[in-house]
Amino acid sequence: MLGVDAISQALVTGYFIGIGPGSTPAEAEEHLGASVRQLHGRKPHRLLRLDFGLVETTFTGEPDWVCQWLSVHTHRLAEMPSLAGECAERFDLEFSRTVTWGQLSPEVRSSADLVDVSPYAVRYRFPAVKATVHLSESPEGDESRRVIEKISIGV
């Protein structure tokens, strides 16, 4: 499957590769593989963050951790040359070094609400799934060529 199709699906369903708000750490690791675990804060407000490379999941509710949000860090595809190959191997997803707003289907793009615009970045909100898409600056102001830097689901 193309990575952009998995992203489009996530913006419609609220789940990326089967993981989303409400998932457990065990479910995340089952779908996404090995992770780097990090605990942040102190009880009762501690967060558990699992970093899978392309995807980070954040959990609350120790000891019965539940995913509150996840982020798909598409900017890492350009920053980490081996990441696209890892995504193909681990998730059977084909990613290019960048994913652009224009690569999403018109139906997916039309379901988004414009939240914030600056010369350097744009944010769109997908209220049905509580998702936000962060776009980079655009060459010559062409919205469709803006690179998707990150997708946050659940916040």
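- Remark: side-chain polar atoms of Arg37 are not paired, donor with acceptor, to backbone N or O of Leu50 under 3.5 angstrom.
- Val147 and Leu104 fall into different hydrophobic clusters, where Ile, Leu, Val, Met, Phe, Trp and Tyr side chains are chained together by heavy-atom contacts under 4.5 Å.
- Side chain of Arg76 to backbone of Gly53: a donor-acceptor contact under 3.5 angstrom is found.
- Of the listed residues (Leu2, Val72, Leu77), just one forms a side-chain contact (heavy atoms from CB on, under 4.5 Å) with Val99, and that residue is Leu77.
- Side-chain atoms of Ser71 never come within 3.5 Å of backbone atoms of His73 as a donor-acceptor pair (strictly under, hydrogens ignored).
- Few gaps surround CD on Glu79; more than 12 heavy atoms of other groups in view lie less than 6.0 Å from it.
- Remark: the backbone N or O of Leu32 is paired with a side-chain donor or acceptor of Arg90 at under 3.5 angstrom.
- The 12-atom threshold is exceeded at CG of Asp113, counting heavy atoms of other residues, nucleotides or ligands nearer than 6.0 Å.
- Although no hydrogens or angles enter the test, the distance criterion places no donor-acceptor pair under 3.5 Å between the side chain of Ser152 and the main chain of Val155.
- Under the 3.5 Å distance criterion, the side-chain polar atoms of Arg46 are left unmatched by any main-chain donor or acceptor of His40.
- Using a distance-only test at 3.5 Å, with no hydrogens or angles considered, no donor-acceptor pair links the side chain of Arg49 to the main chain of Glu56.
- One N or O on the side chain of Thr74 and one on the backbone of Ile148 form a donor-acceptor pair closer than 3.5 Å.
- In this model, a donor atom of one side chain and an acceptor atom of the other lie less than 3.5 Å apart for Arg125 and Thr132.
- Side-chain atoms of Ser23 do not come within 3.5 Å of backbone N or O of Ile19 as any donor-acceptor pair.
- At a cut-off of 3.5 Å, with distance as the only test, no side-chain donor of Glu27 or His31 sits close to an acceptor on the other residue.
- Remark: the backbone N or O of Ala26 is not paired with any side-chain donor or acceptor of Glu29 at under 3.5 angstrom.
- Closest non-hydrogen pair, Phe95 versus Ile7, comes out as CE2-CD1, 3.8 Å.
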